[in-house]
Q: 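I have a structure here, written as structure tokens, and I will follow up with some questions on it.
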Amino acid sequence: MERTYIMVKPDGVERGLVGEIIKRFEQKGYKLAGLKLVKPTQELLAEHYRDLASKPFFPGLMAYMTSGPVVGMVFEGKGVVKTGRVLLGETNPLASLPGTIRGDFCVDVGKNLCHGSDSVESAEREIALWFPEGIVEYNRFVDQLIYE
């Protein structure tokens, strides 16, 4: 099974949307395999967003992401990286469809509630970065009702 890293950003934590975001992934059938509340350091975020370091918005992104705690999560399931990004919606919330997390709960790109891995490779890198202690491995009976 594939894994993805989903992060509720400081605005999502502050607005009390963590449970709603978890609910959407669990209702789809994905298994929660890791969960923690983190006050990220500049160093952790610089590594996470290393591909954006040269962008003009990077200093603002760093200030936003260190403004409060984030909730890091790992979800497992068939096609979870691609489908997880569909559940989140477009990076620009105004381009997100109703029914997606961003389409339902936010307006501006700079406060877009959540992050989702964009590939299986980046998911594995992000999971290792945010969960160096590893994640919980367990079997769910309900998977028999979700997967063929």
Q: Would you say that Glu137 contacts Glu76 through its side chain, given a criterion of any heavy-atom pair below 4.5 Å between the two side chains?
A: yes

Q: Which is it for Glu2 and Lys78 under the side-chain contact (heavy atoms from CB on, under 4.5 Å) test, yes or no, and what are the steps along the way?
A: CA-CA 6 Å; Glu2 203 172 271; Lys78 186 177 183 179; over 6 Å; no

Q: Can you tell me how far apart CZ (Phe75) and OG1 (Thr83) are? Round to the nearest 0.5 Å.
A: 13.0 Å

Q: Which heavy atom of Thr66 sits nearest a heavy atom of Lys39, and at what distance?
A: O-NZ, 2.6 Å

Q: Same cluster or not: are Leu113 and Leu32 linked, directly or through other Ile, Leu, Val, Met, Phe, Trp or Tyr residues, by side-chain heavy atoms under 4.5 angstrom apart?
A: yes

Q: Just verifying a value: how many Å separate Leu52 CG and Ser54 OG, rounded to the nearest 0.5 Å?
A: 8.0 Å

Q: Could you tell me whether Glu133 and Lys36 have a side-chain N and a carboxylate O separated by less than 4.0 Å?
A: yes

Q: Please list, chain by chain and in numerical order, all residues satisfying side chain to side chain donor-acceptor pair (under 3.5 Å) with Glu124, sequence neighbours excluded.
A: Arg3

Q: Measuring from Leu129:CG to Leu45:CG, what's the distance to the nearest 0.5 Å?
A: 9.0 Å

Q: Find out whether Asn112 and Glu90 are in side-chain contact, i.e. whether some heavy atom of one side chain is under 4.5 Å from a heavy atom of the other.
A: no

Q: Side-chain contact, heavy-atom cut-off 4.5 Å: Asp11 with Phe105?
A: no

Q: May I ask you to decide if Pro98's main-chain N or O and Asp104's side chain share a donor-acceptor pair within less than 3.5 Å?
A: no

Q: CG of Asp51: more than 12 outside heavy atoms within 6.0 angstrom?
A: yes

Q: Which heavy-atom pair separates Cys106 from Lys111 by the least distance, and what is that distance?
A: CB-O, 3.5 Å

Q: Rounded to the nearest 0.5 Å, what separation is found between the CD atom of Gln27 and the CD atom of Glu20?
A: 7.5 Å

Q: With rounding to the nearest 0.5 Å, note down the distance linking CG in Leu88 to OG1 in Thr4.
A: 8.0 Å

Q: Decide if atom CD of Glu14 counts as having more than 12 heavy atoms of other residues, nucleotides or ligands within a radius under 6.0 Å.
A: no

Q: Honestly, is Lys55 close enough over Tyr49, meaning NZ or CZ under 6.0 Å from the six-membered ring centre and within 45° of the axis?
A: no

Q: Any heavy-atom pair between the side chains of Arg24 and Ile6 that's under 4.5 Å?
A: no

Q: Give the minimum heavy-atom separation between Tyr5 and Ala123, together with the two atoms involved.
A: N-CB, 4.2 Å

Q: For residues Val13 and Val38: do they belong to one hydrophobic cluster (side chain heavy atoms under 4.5 Å, members Ile, Leu, Val, Met, Phe, Trp, Tyr)?
A: no

Q: So which atom in His48 and which in Arg125 form the shortest heavy-atom distance, rounded to 0.1 Å?
A: O-NH2, 3.2 Å

Q: Provide the closest heavy-atom pair for Val70 versus Trp130 in the form atom of the first, atom of the second, distance.
A: CG2-CZ3, 4.0 Å

Q: Is there a path of hydrophobic side-chain contacts, each under 4.5 Å between heavy atoms of I/L/V/M/F/W/Y residues, joining Val74 to Tyr30?
A: no

Q: Does the side chain of Val107 reach to within under 4.5 Å of the side chain of Leu94, using non-hydrogen atoms?
A: yes

Q: Begin from the C-alpha positions of Ile22 and Leu35 and carry the test side-chain contact (heavy atoms from CB on, under 4.5 Å) through to its verdict.
A: CA-CA 10 Å; Ile22 292 171; Leu35 174 70; 4.1 Å; yes

Q: Looking at CE of Met7 and SG of Cys114, how far apart are the two atoms once the value is rounded to the nearest 0.5 Å?
A: 9.5 Å

Q: Evaluate Glu126 against His115 for side-chain contact (heavy atoms from CB on, under 4.5 Å), listing each step before the verdict.
A: CA-CA 11 Å; Glu126 292 168 355; His115 163 83; 3.0 Å; yes

Q: Any link between Met73 and Tyr138 through a network of hydrophobic side chains (Ile, Leu, Val, Met, Phe, Trp, Tyr) touching at under 4.5 Å?
A: no

Q: Restricting to non-hydrogen atoms, name the atom on Met65 and the atom on Pro40 that form the minimum distance, rounded to 0.1 Å.
A: O-CG, 3.4 Å

Q: Under 4.5 Å between any side-chain heavy atoms of Val86 and Thr100, yes or no?
A: no

Q: Treat each ILVMFWY residue as a node, draw an edge where side-chain heavy atoms are under 4.5 Å apart, and state whether Met62 and Phe57 are in one component.
A: yes

Q: Can you tell if the side chain of Ile21 reaches within under 4.5 Å of the side chain of Val71, non-hydrogen atoms only?
A: no

